[in-house]
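Here's the structure we're looking at; comments come further down.
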Amino acid sequence: MDIKIQIRQLSVSYNGTPALRSITLDIYKNCITGFMGPAGSGKSTLITLINRMIDFEEGVRYDGEIRIDGINVLDPAVDVVALRRRIGMVFAVPLPLPRSIFDNIAYGPRLKGITNMTDLYAIVEDSLKKAFLFDEVKDRLMTSAMKLSGGQQQRLCLARTLALQPDIILLDEPCSGLDPISTAKIEEALSELKKDYTIILVSNNTKQIARTSDYAAFFYMGELIEFGETPRIFTNPSQKKTEDYIQGKFG
Amino acid sequence: MRLPPRFVNTLVALLLDLVALGTVGILVVIVCVIVVKGIAYIDLNFLFTYPEDMGRHGGVFPSLIGTIFLVALSICFATPLGLGTAIYLTEYTKETMMTKTIRFGVESLAGIPSILYGLFGFIFFVIKLKMGWSLISGALTLTIMILPTIIRTSEEAIKAVPRSLRIVSHSLGATLWETTLKVVLPCAAPGILTGIMLSIGRAVGETAAVIFTMGSSLRLPTSLFDSGRTLAVHFYILAREGISMEKAYATALVLVVSILAVNILAYYIMHKVIAKYS
Amino acid sequence: MAVVTFMRVVGAAIICLLISAACGNQTSSQVVYRRHVVTIAGSTSVMPFTEKLAEHFMIEHPNFIINVQSGGSTAGIQACLNRTVDIGMSSRELKHEEKSLTEIIICYDGIAVIVNPENPIRALSLQQIRDIFAGVLTNWKALGWIDRRIDAVTREEGSGTRSAFEELVMHGAAIDDGIMVQDSNGSVKEVVATDPYAIGYVSLGMVDTRVVALHVDYVRPSVETILARQYKIVRPFLYLINGTPSGPAQQFITYVLSKDGQKILEREGLIPVYAKK
Amino acid sequence: MPKNRAVLIDQIIKQTMRICAFSSLFFLFLIFLFILIEGLPLFYRVGVGNIIAGFKWAPTKGAFGIFPMIVSSFLVTIGALILGAPLGLACAVYLAEYAGKKKKLFLKPALELLAGIPSVVYGFLGVIYIVPLIRTYCGGSGFSLLAAAIVLGVMILPTVISISYDALMSVPRTYREGSLAMGATKWQTTYRVVIPAASSGILASFILGMGRAIGETMAVIMVAGNALRIPGSILDPLRTLTSNIALELAYASGDHRLGLFSTGVVLLIIIMILNYLANFVIRQKVIK
């Protein structure tokens with residue numbers, strides 16, 4: 001299987017306090033890689049580095065390499081705007097923009113310069129279908145996205161990300177505020193999407209990682225404790241800490 | 001003798017109630033006096049005919065148009081500048097010595113009394129730049145005068161836009177400007193509009209800065225370099241020179257009602273926004 | 001959605017305004033092209049009469065625009081000196097260094113000393129008036145009325161009426177600092193009309209039923225007494241031109257000095273030039 | 001990866017915004033520059049003392065003393081504060097502590113609308129109603145320190161109210177709850193806890209109110225009588241720095257005009273000091 005993202009000796013600190021220590025990790029193409037770990041373990045920090053959203057934090061220093069298709073995205077010369085158009089991101093809280101469903105999803109394509117309404121509609125429809133939301137909203141695409149339920153909003157955010165036609169999708173605890181049914185719908189969507197995309201799912205819900213991911217990584221206190229194929233991690237972890245975490249002894 | 005605290009408490013509550021109502025009463029009385037005394041002399045004719053005999057007879061049409069032109073021009077100049085400043089201060093830069101200096105400048109401008117704006121506009125635009133007493137001199141002077149209001153309200157409005165929306169926009173590959181234009185400004189629009197409305201109110205009612213920069217010609221200004229007399233200046237001259245009390249009250253009515261309408265609309269929009277975010 | 005609409009509306013409104021402003025300018029410049037414009041500025045005393053003359057003149061000559069600005073005699077003289085106006089208006093004589101301008105006397109104006117109609121006093125001597133404005137006489141009792149402070153009102157520094165009054169009445173004595181100051185004929189009249197204890201001085205042409213003009217040294221101020229050279233507080237109203245006037249300006253001046261123009265001034269209570277001669 | 005067009009546009013816009021942001025400073029600089037250029041030569045020629053401490057203002061005769069106007073400006077301002085400050089503070093306290101939500105919703109904008117009424121309208125109503133009242137019941141011409149103080153007292157209310165209100169509202173809830181829990185009545189809480197805690201903001205509101213009063217022009221011209229002497233009583237007319245400029249600017253030329261700009265310089269300095277003081281007072285609290 002191809003490696004999509006290579007993380008090499010990556011260290012990050014916030015105002016001098018280390019958040020990630022010398023992480024080395026490979027993310028495979030067309031797979032769901034789950035990042036798990038207790039709060040403050042550095043898993044969210046890691047994904048914000050991949051699309052350089054970390055630039056909006058203050059007092060951050062990082063060191064090391066993240067290579068996507070061989071190009072180091074931590075290089076200061078990298079065009080972050082183009083980078084972010086290749087890497088979609090879904091946040092922990094559903095964050096629709098205060099405009100219509102259609103405009104939310106068309107936001108990314110429009111930034112790319114697509115203005116033709118037929119093209120835009122095709123992209124919107126396609127993205128909504130992939131996020132399993134189209135049937136629920138097809139009659140009210142022009143109504144405000146704020147009126148959707150939490151679960152719908154989160155799928156809208158997923159669809160909005162898909163509309164960018166990215167290679168990689170980063171999901172930062174996307175189901176933390178959702179009910180089990182909404183969660184199931186998103187997980188269903190993800191398992192379909194991995195055919196076309198490389199997905200990184202951050203979650204502190206170990207069961208979700210077990211259900212959905214192909215590979216799993218366990219972070220603790222800024223260190224990568226263990227990484228491997230999900231079934232192995234969950235059935236036969238090589239580290240004591242991993243086992244304790246999976247069994248719910250802390251976290 | 002010491003009064004029992006509970007009694008004092010009730011007394012004070014009552015007293016404060018009266019004081020607050022009394023103060024609002026001042027506003028009500030002012031508006032009522034103007035409306036009651038002015039309403040009899042005002043009709044469409046008054047608004048759309050030319051004044052005769054220094055304003056003793058006839059209407060206020062040139063002043064009305066002069067006021068609209070003056071205010072529209074100064075808003076057109078001040079809004080991009082003020083909005084640009086607010087965007088720069090909130091979106092494009094971090095708190096540094098420089099932003100502190102800019103904020104100090106804005107605060108200082110806000111504190112300068114209008115007569116000094118008049119003095120400055122007179123010497124700079126009218127005399128040094130040889131624009132004469134004209135619409136353009138008045139508009140440029142007012143632009144500087146209302147700039148702080150627009151900057152401060154816009155800044156407040158922009159700051160109130162949740163950070164998360166910006167983050168989302170950036171994550172979708174928008175540049176800082178695209179984010180500002182497509183996400184931040186639309187969300188902040190009502191607040192910015194409130195600032196513009198308040199500035200309009202201020203500009204319409206201004207006299208001291210206008211009279212020395214735009215002059216007081218009663219003619220209809222037909223070019224940027226024509227002198228003109230705004231409603232506020234016209235009212236000042238009518239009232240002060242005792243030309244016609246009827247016309248003065250009628251002009252005051254137009255002035256006060258339009259300013260109050262703009263202000264009330266501004267507060268209404270602001271209130272809507274507050275209701276939306278909370 | 002609503003916000004976006006808002007922005008669009010605001011944007012559209014601003015664009016419309018800009019376009020209309022731009023169009024407005026264009027049409028006006030075309031109009032100006034065909035019309036003759038005469039700019040006149042100066043003394044607030046002369047201005048109302050010039051306004052009136054201009055109104056009549058423009059009815060007869062619709063292709064003329066006469067722009068009348070106040071500003072005061074000194075400002076009018078200055079504006080005329082640096083040629084920012086076609087005609088300057090002055091209600092005081094030119095000083096030595098201003099003599100390069102050509103003076104045209106358009107009429108004569110008496111300065112009336114006015115009191116409120118409630119005031120029973122109808123006559124004062126020049127000396128008494130001088131004492132009042134010099135701050136020597138401060139109570140109406142000394143003049144035979146009630147025991148009440150005299151609220152004298154004067155004009156501000158730079159006013160032509162004030163300098164004429166200083167010359168004709170004060171004879172070099174200084175006007176007291178404690179006296180109220182108003183900045184136009186109209187506002188002086190307004191104070192006198194509303195305050196029963198006030199006394200002030202304005203252009204004779206401004207006197208109407210709301211105030212009473214006092215007899216000075218037993219002479220009633222009027223066109224007749226001025227013509228008979230009995231009423232002494234008189235000054236000329238001047239138009240000033242710098243060099244040769246433009247055609248339109250000359251045309252307006254000719255109109256002002258014509259029988260028609262002079263009649264208008266006479267009706268306003270001023271003394272026409274031909275009568276004085 | 002090369003920088004794309006959007007990023008370039010972003011840079012251009014950033015520079016444009018920066019220019020906008022500096023425009024305020026530029027305008028402030030221009031205002032200072034031109035008022036000082038016009039105003040300072042006379043200080044140099046006539047002497048600072050002869051202007052600031054001179055008693056005689058007769059610019060056409062070479063006397064440029066504005067001491068009576070400086071004094072008058074402060075007298076009017078203090079008068080306005082005596083009337084406006086307690087009233088404004090009372091309204092702010094009422095709004096912040098006593099008014100119900102519904103009442104507040106109506107009262108706060110209504111009080112702020114007072115700021116929207118043009119100063120000429122205040123002046124006009126002052127001339128029509130307050131001046132004759134003073135003339136009839138107190139004596140004098142009515143055009144007086146008292147009339148100006150009353151009109152300005154009303155005019156500074158919105159400033160005093162809104163800034164005091166903000167200061168009162170920023171007092172933490174826990175202060176009030178602590179006091180009320182100890183059995184204090186609402187008034188005792190307000191008087192002994194909330195107002196002292198908000199005192200710096202309230203003081204700042206008074207200072208900014210002073211700034212507003214000292215800078216007001218048209219209303220003052222209309223009601224103050226504009227005499228050149230320091231008033232001997234509150235019923236005497238007086239002329240402030242602002243009205244001196246506005247009364248004579250249109251007429252002035254040569255040294256007379258320079259004299260008015262000198263008046264402007266003095267006014268500008270006073271205003272700057274007041275603004276700085278208000279800022280200082282507010283910041284003082286933050287540091288604490």
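Predicted, not measured: the structure shown is a model, and the values here were computed from it. Chain naming here is simple, since letters A, B, ... match the order of the sequence lines and numbering starts at 1 in each.
Inter-residue side-chain proximity for B/Met245 and D/Ile128 is flagged as met; some heavy-atom pair is nearer than 4.5 Å. Looking only at side-chain heavy atoms (C-beta outward), B/His271 and D/Leu105 come within less than 4.5 Å of each other. Taking the side chain as every heavy atom from C-beta outward, D/Tyr122 and B/Ile30 approach each other to under 4.5 Å. Side-chain contact between D/Asp10 and B/Tyr92 is present, with heavy atoms from C-beta onward closer than 4.5 Å. Taking 4.5 Å as the limit, some side-chain heavy atom of D/Met218 sits within range of a side-chain heavy atom of B/Tyr236. D/Pro118 places none of its side-chain heavy atoms less than 4.5 Å from the side chain of B/Glu206. Using a 4.5 Å heavy-atom threshold, the side chains of D/Leu157 and B/Ile26 count as touching. Looking only at side-chain heavy atoms (C-beta outward), D/Lys186 and B/Arg6 stay at 4.5 Å or farther from each other.
From D/Arg18, atom CZ reaches atom CG of B/Leu89 across 11.5 Å, with rounding to the nearest 0.5 Å. Distance check: B/Ser108 OG to D/Asn279 CG gives 8.0 Å after rounding to the nearest 0.5 Å. In this structure, OH on D/Tyr276 lies 9.0 Å from CZ on B/Phe104, to the nearest 0.5 angstrom. Rounding to the nearest 0.5 Å gives a distance of 5.5 Å between CD1 of D/Ile117 and CG of B/Leu260. Considering CG of B/Leu109 and CZ of D/Phe27, their distance stands at 8.5 Å, rounded to 0.5 Å. With values rounded to the nearest 0.5 angstrom, D/Ile37 atom CD1 is found 7.0 Å from B/Lys128 atom NZ.
With chain D as the partner, the residue from B/Ala110, B/Ala20, B/Pro80 showing the most heavy-atom pairs under 4.5 Å is B/Ala20. Your options are B/Thr207, B/Leu119, B/Thr99, and the one with the most heavy-atom pairs under 4.5 Å with chain D is B/Leu119. Of all the listed residues (D/Val121, D/Thr242, D/Val154), the one sharing the greatest number of non-hydrogen pairs under 4.5 Å with chain B is D/Val121. In terms of non-hydrogen atom pairs under 4.5 Å with chain D, the most contact-rich of B/Gly84, B/Gly205, B/Ala266, B/Gly105 is B/Gly84. When B/Leu21, B/Ile112, B/Val204, B/Val106 are compared by the number of non-hydrogen pairs under 4.5 Å with chain D, B/Ile112 comes out ahead.
Contacts of D/Leu28 with chain B are made by both backbone and side-chain atoms, with heavy-atom separations under 4.5 Å. With a 4.5 angstrom heavy-atom cutoff, D/Phe106 touches chain B only via side-chain atoms. In this structure, chain B has a heavy atom under 4.5 Å from the side chain of D/Ile271, while its backbone stays farther away. Looking at D/Arg257, the atoms closer than 4.5 Å to chain B (heavy atoms on both sides) all sit in the side chain, from C-beta outward. With a threshold of 4.5 angstrom between heavy atoms, B/Leu176 approaches chain D through its backbone and through its side chain. When heavy atoms are compared at a cutoff of 4.5 Å, D/Leu125 approaches chain B solely by way of its side chain, counted from C-beta outward. Neither the backbone nor the side chain of B/Leu11 comes within less than 4.5 Å of any heavy atom of chain D. Interface remark: D/Glu97 contributes no atoms to any contact with chain B (heavy atom separation under 4.5 Å). Only the side chain of D/Ile35 comes within contact range of chain B, with at least one heavy atom under 4.5 Å from a heavy atom of that chain. In this structure, chain D has a heavy atom under 4.5 Å from the side chain of B/Leu255, while its backbone stays farther away. Within the 4.5 angstrom heavy-atom criterion, only side-chain atoms of D/Lys103, from C-beta onward, approach chain B. No part of B/Leu18 comes within reach of chain D, as not one of its non-hydrogen atoms sits under 4.5 angstrom from that chain. Only the side chain of B/Ile34 comes within contact range of chain D, with at least one heavy atom under 4.5 Å from a heavy atom of that chain. Using a 4.5 Å cut-off between heavy atoms, B/Val19 contacts chain D through both its backbone and its side chain. For a residue to count as touching a neighbouring chain, one of its non-hydrogen atoms must lie under 4.5 Å from one of that chain's; by this rule D/Ile214 does not touch chain B. With a threshold of 4.5 angstrom between heavy atoms, D/Leu30 approaches chain B through its backbone and through its side chain. Contact of B/Met98 with chain D is made through the side chain alone, with heavy-atom distances under 4.5 Å. If you measure heavy-atom distances from B/Leu147 to chain D, the contacts under 4.5 Å come from the side chain alone. Interface residue D/Ser23: only side-chain heavy atoms are found under 4.5 Å from chain B. Using a 4.5 Å cut-off between heavy atoms, B/Pro148 makes no contact with chain D at all. Residue D/Tyr129 touches chain B through its side chain alone, counting heavy-atom pairs closer than 4.5 Å. If you measure heavy-atom distances from D/Val127 to chain B, you find no contacts under 4.5 Å at all. For D/Phe29, no part lies under 4.5 angstrom from a heavy atom of chain B. Proximity to chain D (any heavy atom under 4.5 Å) is restricted, for B/Ile151, to the side chain, taken from C-beta onward.
Scanning all heavy atoms of the two residues, the minimum distance from D/Gly215 to B/Ile115 falls at O-CG2, 4.1 Å. Of all the heavy atoms in D/Gly116 and B/Ile259, the pair that sits closest is O-CG2, 3.2 Å. In plain terms, the two heavy atoms of D/Leu247 and B/Arg240 that are nearest each other are CD2-NH2, 4.1 Å. Closest approach of B/Phe120 to D/Ile31, counting heavy atoms only: CD1-CA, 3.5 Å. Contact detail for D/Leu25 and B/Thr101: the closest heavy-atom pair is CD2-O, 3.6 Å. Closest non-hydrogen pair, B/Gly111 versus D/Asn275, comes out as CA-ND2, 3.5 Å.
In terms of modelled atom types and a separation under 3.5 Å, the side chain of D/Thr217 and the main chain of B/Ala208 share no donor-acceptor contact. The backbone N or O of D/Leu113 lies less than 3.5 Å from no partner atom in the side chain of B/Asn263, so there is not a single donor-acceptor pair.
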The test is side-chain contact (heavy atoms from CB on, under 4.5 Å); show your working for B/Val24 and D/Leu107 and say whether it passes. CA-CA 7 Å; B/Val24 174; D/Leu107 279 177; 3.1 Å; yes

Begin from the C-alpha positions of D/Met17 and B/Trp177 and carry the test side-chain contact (heavy atoms from CB on, under 4.5 Å) through to its verdict. CA-CA 11 Å; D/Met17 298 292 164; B/Trp177 171 240; 3.4 Å; yes

Between B/Thr175 and D/Ile13, does a side-chain contact (heavy atoms from CB on, under 4.5 Å) hold up when you go through it step by step? CA-CA 11 Å; B/Thr175 60; D/Ile13 284 171; over 6 Å; no

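Tested against D/Tyr94 for a side chain to side chain contact (heavy atoms under 4.5 Å, CB included), the candidates B/Val12, B/Thr23, B/Asp17 yield a single pass: B/Asp17.
In this structure, B/Phe235 and D/Phe124 have perpendicular ring planes: the angle between them is above 60°, well past the 30° mark.
A salt bridge does not link D/Lys14 to B/Glu91: none of the charged side-chain nitrogens sits closer than 4.0 Å to a carboxylate oxygen.
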